[in-house]
**Q** 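Quick one: the structure is below, and I'll ask about it shortly.
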Amino acid sequence: MSLKLRRDHRCGQMSVDKVGQNVCLSGWVNVVRDLGGLIFVELRDATGKVQLVADPNKNKEVHDVFVNLKNEFVIAVSGKLTGRPEGTCNHSSPTGLVELYPDQCEILNTARPLPFQLDQGEKVDEALRLKYRYLDLRRPEMSKNLVMRHKISQAVRRYLDTEGFIEVETPILCKATPEGARDFLVPSRLNPGSWYALPQSPQLFKQTLMISGVDRYYQIARCFRDEDLRADRQPEFTQIDMEFSFVDEEEVQRVTEGVLVESFACAGIELKPPFQKMSYADAMGLYGSDKPDLRFGLEFKDFTAVARNCKFKMFKDVAEAGGLVKGIVLSGKAETTSRKHLDTWADYAKSCGGKGLAWISFGKEGLRTSGLEKHLTADEIEQIIQIAGAGVGDVILIVADKAKQVANVLGRLRLKLGEELGLIDETLHKLLWVVDFPLFEYDEEEGRLMAVHHPFTSPRVEDLDKLESDPESVKARAYDIVYNGVEIGGGSIRIHNQEMQSKAFAAIGLDRETASEKFGFLLEALESGAPPHGGIALGLDRMVMLLCGCKSIRDVIAFPKTQSGACPMTSAPSAASDEQLNELKVYNKLDKTTEKGKTTDKDKKGSCEPVC
RNA sequence: GGGAUCGUAGCUCAGUUGGUUAGAGCGCCUGCCUGUCACGUAGGAGGUCGCGGGUUCGAGUCCCGUCGGUCCCGCCA
C-alpha cells in the first residue's frame, strides 16, 4: 500500500520555530473536540501530541473527514504549521503554542471503541490492561517506561564498551542444575526423555568464557526461575550480567558503580561513588536486614547484657539461650504514640512471628512501660534507657528472641515504622555495598549447608583453612548492591581452582559423583588454566522500576505475566496438543482438557513425564 | 502450601439492617454548538451483580465452594 501522505515530522517536534513550515504528521486521534463548526483533534504519536484544527470555511474537505474521526483512529495530515492566535495558547502542553490546519487528511485506519479509556491510566484493572497490553502501552506513562528502559540499556552498553567488555550471548537451552531455584524444563524431541532447562542465570557460561580468555564479558541476559511471583519478581527477568578476569572485589565494584552512575543519570540522578560499604553482620545487627534502607535511622540497640543479669524470666531466658534483646528508639514520639499505636505495632510484631513487643515510653509525666517495671529494677530500666541513648519524649520498642527472629521482627517493624512515621527522606538515593556474607548457611529443611550466594563463590583467603573444619564461619568474597533498601544486584569473586571448587561442593553435601555429573565440565575447565575471575549481575527490571518510580516491575516489562504466571493477552500457558506431546514423547498425566485449553482440575499439579 | 483483599454497565465506582423497577461519573449513540484543550449542551442505548450451590417468603447484600486479579509469608543458590 502506498501512502498518499508520507510522514516527515513527529508530533513532539512541533514548536514555534517550525511555524510556517509544511509538515506531514501521522498518528492516533487522542481526542476530538467538535465545536459544531471548528473541530479540534489532538494527534498523538510516540513523541507527543499536537493540536489539529479543521475549519469548515477554510477547508470543507478536511472538515468533512474530521467530522467522522473517533478516538484512536489512525490518520495522516499535512499542512503548514501555524502559531496559535492570541489568547488560545495552551501553556501546559509542550506543543501548546502551535497548531496545524491540515490541507489534507487521510484516515489510515479506524478503531472500535476501546475496552478502556487510555486517559483512565493506572486506575484501570491491571488484568484488563494486560489483556489489551497494546492499548496500555499507548499510554504515554507506559511508553515513557519503555523508553527509560531502552536508555538505561544503551547507557550500560556504551559504558561497558569503554571499559573493555564485549557482549556475548549464551544459550537459552541449558542443563538443569541441582542448586538454586526451580528450573523451567523443555523436552528434547531429539533425545526423548531428556530435558533442557532454561537458564536461571548465565553463571556457568560466563565463568567458562573467562577460561576462554574473553577477559571481560557482559550480557543483558534473560533469566528464568520457576518460583512464585511478586510485584518485583517475574518468572522471566533481565540481568545486566558481567564477568571480569584478573580482578578482585574493588575492580568489580568500581565498574558496577560506573554502570549505576550512568544508569541513574538517565533518570537525572547524580550518584557519587564510591558507595558506602557495610558488613552483612552489621546490616543484620543494626537493621535486621541484608538489604537495609539507609534513608532513615532507627538502628537497633542491644540490651542483651542488661537482660542477661535481670530477674525478668522472659528476657533472662532468651539471653541465656544465646538469643538477643534488642530495640529501636522513636525519638520525640512519646507524646504522639498512643497505647493503640503500641498495641498495633505489637500485633504486627506477632504477625511477623515475634513473641511480642515490650516498650518504654519516656513522656513528660514520667515513664510508662508495657509492664516492664514489674519485672525490672529501676536501675535496669535506667541502663536500657542509657544504652538506647533515649531521653524525655522518646519511645523504646524492645524485642527478645533468637538472633534470627529478632532481626526479622525488628527489621520489619523498623521498615513499617519508617514508612508510618514518615521518617523516610524520599529525595535520598542511598547506594550500599553489603559485604562479608557467610559462604554457607545451615538449612533446617534440607538438613545440610547451603551456599548463601552460589556454590561457585570464593571463600575469603584468610578463612580457607576453616572450609572443612568450621565451614559456617567462613566468609564469602561476595557483595550485594542495595539501593534504598532494595537489592538490585549481587556478585562475587569466583573459585578458579578445581580443588577448592570440589571442596565447596563437598561442603554443601554434593557428592563427587553428582558434582561430576552436574558440573564436571566446570571442574575440568578449572584444571585447564582458569584465570582468577569474578563478576556481578544487576537486576535490570528492578533498577528501571525504581528509576521510573513504579511499584511493580510489570510496569517496566512490555509483556509481563500475572501473579499466576499467565499472559492475559496471548493466554499463555495453554494446553499442548496430543500431536505435539507425542512428538516429544511426553505423556500428559492430567485429565482431559476443556475446550478452552485449561485443565479441568486445577488442584492437580501439572506434571509431564517422558514415556520411555 | 498459607494469610489478606478485590470482582456490580465498555471503564472507574456507589449500592444502608436482606425488601419495589440496581444508580453515578466517564465512555458509546443521536441532535445542537466556530477557539476548544477534562469543550459545552439536550436526549438515548447499555446490567448472566465473576461462576456454581445453599439459607430465606425474598440475596448484588448472608453462608459454602469455585474461577480470576492484586499484596504478603513460605519459596526465589
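Within every chain, numbering begins at 1; the chains are lettered A, B, ... in the order of the sequence lines, protein sequences first and strands thereafter.
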**Q** Does A:Asp228 reach a base, just sugar-phosphate, or nothing at all? Heavy atoms under 4.0 Å.
**A**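 The residue A:Asp228 makes base contact.
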
**Q** Any ion pair linking A:Asp436 and A:Arg477 (charged N to carboxylate O, less than 4.0 Å)?
**A**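 No.
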
**Q** Does a side chain donor of either A:Gln219 or A:Tyr217 reach within less than 3.5 Å of an acceptor in the other side chain?
**A**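 The answer is yes; a qualifying pair exists.
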
**Q** Of the nucleotides B:C71, B:C26, B:C29, which has the atom closest to the A:Gln117 side chain?
**A**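 Ranking B:C71, B:C26, B:C29 by closest atom to the A:Gln117 side chain puts B:C26 first.
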
**Q** For B:U8 and B:C13, measure between their C1' atoms and round to the nearest Å.
**A**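 Approximately 9 Å lies between the C1' atom of B:U8 and that of B:C13.
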
**Q** Using whole Å, what does the distance between atom C1' of nucleotide B:C37 and atom NE2 of A:His91 come to?
**A**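 Those two atoms, NE2 and C1', are 12 Å apart.
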
**Q** Under 3.5 Å, is there a donor-acceptor pair between the A:Ser492 and A:Arg494 side chains?
**A**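 Yes.
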
**Q** Answer yes or no for A:Lys80 and A:Tyr101: cation-pi contact, defined as NZ/CZ to six-membered ring centre under 6.0 Å and angle to ring axis within 45°.
**A**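 So A:Lys80 doesn't make the cation-pi contact.
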
**Q** Look at A:Asp463 together with A:Lys475 and state whether they make a salt bridge at an N to O cut-off of under 4.0 Å.
**A**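 Not counted as a salt bridge, because no side-chain N and carboxylate O are separated by less than 4.0 Å.
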
**Q** Can you measure A:Gln563 atom CD to B:G2 atom C1' for me and round it to whole angstrom units?
**A**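 Distance, rounded to whole Å: 13 Å.
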
**Q** Within less than 4.0 Å of OP1 or OP2 of B:G68, is there a side-chain N or O belonging to A:Lys131?
**A**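 Negative; the distance criterion is not met.
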
**Q** Mind checking A:Pro455 for me? I need base, sugar-phosphate or nothing, with any heavy atom below 4.0 Å counting as a touch.
**A**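 Base contact.
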
**Q** What's the gap between B:U17 and B:C62 when it is taken at their P atoms, as a whole Å value?
**A**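 10 Å, rounded to whole Å.
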
**Q** Using the P atom as the reference point in each nucleotide, state the distance between B:G43 and B:A59 in Å, no decimals.
**A**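 Comparing P positions in B:G43 and B:A59 gives a spacing of 36 Å.
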
**Q** What's the separation between atom OG in A:Ser289 and atom CG in A:Leu415, rounded to the nearest 0.5 Å?
**A**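 With rounding to 0.5 Å, OG (A:Ser289) is 6.5 Å from CG (A:Leu415).
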
**Q** Students often get this wrong, so: under 4.0 angstrom with heavy atoms, is A:Ser564 touching a base, only sugar-phosphate, or nothing?
**A**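 The residue A:Ser564 makes sugar-phosphate contact but no base contact.
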
**Q** Name the pairing partner of B:C57, where a pair is Watson-Crick or G-U wobble with both distances under 3.5 Å, or state none.
**A**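 B:C57 is paired with B:G19.
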
**Q** Between B:G69 and B:G50, how far apart are the C1' atoms? Round to whole Å, please.
**A**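 Looking at atom C1' only, B:G50 and B:G69 are 11 Å apart.
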
**Q** Could you tell me how far apart A:Asp55 (CG) and B:U36 (P) are, to the nearest whole angstrom?
**A**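 Rounded to whole Å, this separation is 14 Å.
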
**Q** Would you say A:Thr562 places a side-chain N or O within less than 4.0 Å of OP1 or OP2 belonging to B:G69?
**A**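 A:Thr562 to B:G69 OP1/OP2: side-chain N or O found under 4.0 Å.
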
**Q** Polar atoms only, N or O, under 3.5 Å: list the protein pairs with nucleotides 39-44 of chain B and their distances.
**A**
| from | atom 1 | to | atom 2 | distance (Å) |
| --- | --- | --- | --- | --- |
| B:C39 | OP2 | A:Arg33 | NH1 | 2.9 |
| B:C39 | N4 | A:Asp34 | O | 2.4 |

**Q** Should the side chain of A:Arg84 and the base of B:U36 be counted as holding a donor-acceptor pair, with the cut-off at 3.5 Å?
**A**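 Present.
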
**Q** I'd like the C1' distance from B:C57 over to B:U20, given in whole Å.
**A**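 Rounded to whole Å, the distance is 15 Å.
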
**Q** Starting at CD of A:Glu444 and ending at C1' of B:C75, how long is that distance when rounded to a whole Å?
**A**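 So the two atoms are 16 Å apart, to the nearest Å.
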
**Q** Rounding to the closest angstrom, what is the interatomic distance between B:U66 and B:G2 at atom P?
**A**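 These two P atoms come out 10 Å apart once rounded.
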
**Q** To the nearest Å, how far apart are A:Arg412 CZ and B:C72 P?
**A**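 From A:Arg412 CZ to B:C72 P: 11 Å.
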
**Q** Side chains of A:Ser93 and A:Asn90: do they bring a donor and an acceptor to under 3.5 Å?
**A**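 No, A:Asn90 and A:Ser93 have no side-chain donor paired with an acceptor closer than 3.5 Å.
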
**Q** Look at the side chain of A:Leu38 and decide which nucleotide, out of B:G10, B:G35, B:C72, has an atom nearest to it.
**A**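 Nearest nucleotide to the side chain: B:G35.
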
**Q** If we count only N and O atoms by modelled type, under 3.5 Å, do the side chains of A:His454 and A:Glu179 hold a donor and an acceptor together?
**A**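 There is no such pair (donor and acceptor under 3.5 Å, judged by atom type) between the side chains of A:His454 and A:Glu179.
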
**Q** Would you indicate, yes or no, if B:C72 has its OP1 or OP2 atom less than 4.0 angstrom from a side-chain nitrogen or oxygen of A:Arg233?
**A**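 Result: no.
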
**Q** Rounded to whole angstrom, note down the C1' distance from B:G58 over to B:U41.
**A**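 Looking at atom C1' only, B:G58 and B:U41 are 43 Å apart.
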
**Q** Which residue, A:Val452 or A:Lys70, contacts RNA chain B at a nucleotide closer to its 5' end, judged by nearest heavy atom?
**A**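 It is A:Lys70 whose nearest nucleotide is closer to the 5' end.
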
**Q** Side chains of A:Gln13 and A:Thr47: do they bring a donor and an acceptor to under 3.5 Å?
**A**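 No.
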
**Q** I need the CG-C1' distance between A:Asp125 and B:A9, as an integer number of Å.
**A**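 After rounding, the reported distance stands at 15 Å.
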
**Q** Here's a test of your reading of the structure: between A:Asn71 and A:Phe40, which maps to the more 5' nucleotide of RNA chain B?
**A**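 By nearest-heavy-atom nucleotide position, the 5'-most residue is A:Asn71.
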
**Q** Return the nucleotide paired to B:G7: Watson-Crick means purine N1 to pyrimidine N3 with N6-O4 or O6-N4, wobble means G-U with N1-O2 and O6-N3, both under 3.5 Å.
**A**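 The answer is B:C67, by the H-bond criterion.
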
**Q** Base, sugar-phosphate alone, or nothing: which one does A:Glu99 contact when heavy atoms must sit under 4.0 Å apart?
**A**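 Base, at least one base heavy atom under 4.0 Å.
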
**Q** Determine the contact category for A:Val53: base if any of its heavy atoms lies under 4.0 Å from a base atom, sugar-phosphate if only primed atoms, P, OP1 or OP2 are that close, otherwise nothing.
**A**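 Touches nothing.
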
**Q** For the P atoms, the ones on B:G7 and on B:A45, what distance do you get once it is rounded to whole angstrom?
**A**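 Roughly 28 Å separates the two P atoms.
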
**Q** Measure the distance from CZ on A:Arg129 to P on B:U12 and round it to the nearest whole Å.
**A**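 Between P of B:U12 and CZ of A:Arg129: 11 Å.
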
**Q** Look at the side chain of A:Tyr101 and decide which nucleotide, out of B:G69, B:C11, B:G35, has an atom nearest to it.
**A**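 It is B:G35.
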
**Q** Side-chain N or O of A:Arg230 less than 4.0 angstrom from OP1 or OP2 on B:C73?
**A**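 True: A:Arg230 side-chain N/O within range (under 4.0 Å) of B:C73 OP1/OP2.
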
**Q** Any idea how A:Phe456 and A:Phe505 line up, ring-wise: parallel (<30°), tilted (30 to 60°), or perpendicular (>60°)?
**A**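 Aromatic pair A:Phe456/A:Phe505 classed perpendicular.
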
**Q** Please determine, by modelled atom types, if A:Tyr287 and A:Asp293 share a side-chain donor-acceptor pair under 3.5 angstrom.
**A**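 There is no such pair between these side chains.
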
**Q** Quick check for you: among B:C72, B:C11, B:G69, whose closest atom lies nearest to any side-chain atom of A:Val124?
**A**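 Closest of the options to the side chain of A:Val124: B:C11.
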
**Q** Rounded to whole angstrom units, what separation is found between the CG atom of A:Leu130 and the C1' atom of B:U70?
**A**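 In whole Å, B:U70 C1' lies 11 Å from A:Leu130 CG.
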
**Q** Using the salt bridge (Lys or Arg N to Asp or Glu O under 4.0 Å) criterion, which residues pair with A:Arg222? Sequence neighbours excluded.
**A**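 Salt bridge (Lys or Arg N to Asp or Glu O under 4.0 Å) check on A:Arg222 returns A:Glu236.
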
**Q** Applying a 4.0 Å non-hydrogen cut-off, can you work out what A:Pro85 is touching in the nucleic acid: base, sugar-phosphate, or nothing?
**A**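 Base contact.
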
**Q** Could I get a table of every N or O pair under 3.5 Å where one atom is in the protein and the other is in nucleotides 47-51 of chain B?
**A**
none

**Q** Partner of B:C28 by Watson-Crick or G-U wobble geometry, both contacts under 3.5 Å, or none?
**A**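 By the stated definition (distances under 3.5 Å), B:G44 pairs with B:C28.
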
**Q** Has A:Phe116 got its ring stacked on B:C11, by the test of a centre gap below 5.5 Å and a plane angle below 30°?
**A**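 By the stated criterion, A:Phe116 and B:C11 do not stack.
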
**Q** Counting the atoms with a prime plus P, OP1 and OP2 as sugar-phosphate, which does A:Arg112 contact under 4.0 Å by heavy atoms, base, sugar-phosphate, or nothing?
**A**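 Result for A:Arg112 = nothing.
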
**Q** Measuring from A:Asp541:CG to A:Asp555:CG, what's the distance to the nearest 0.5 Å?
**A**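 Reported value, rounded in 0.5 Å steps: 12.0 Å.
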
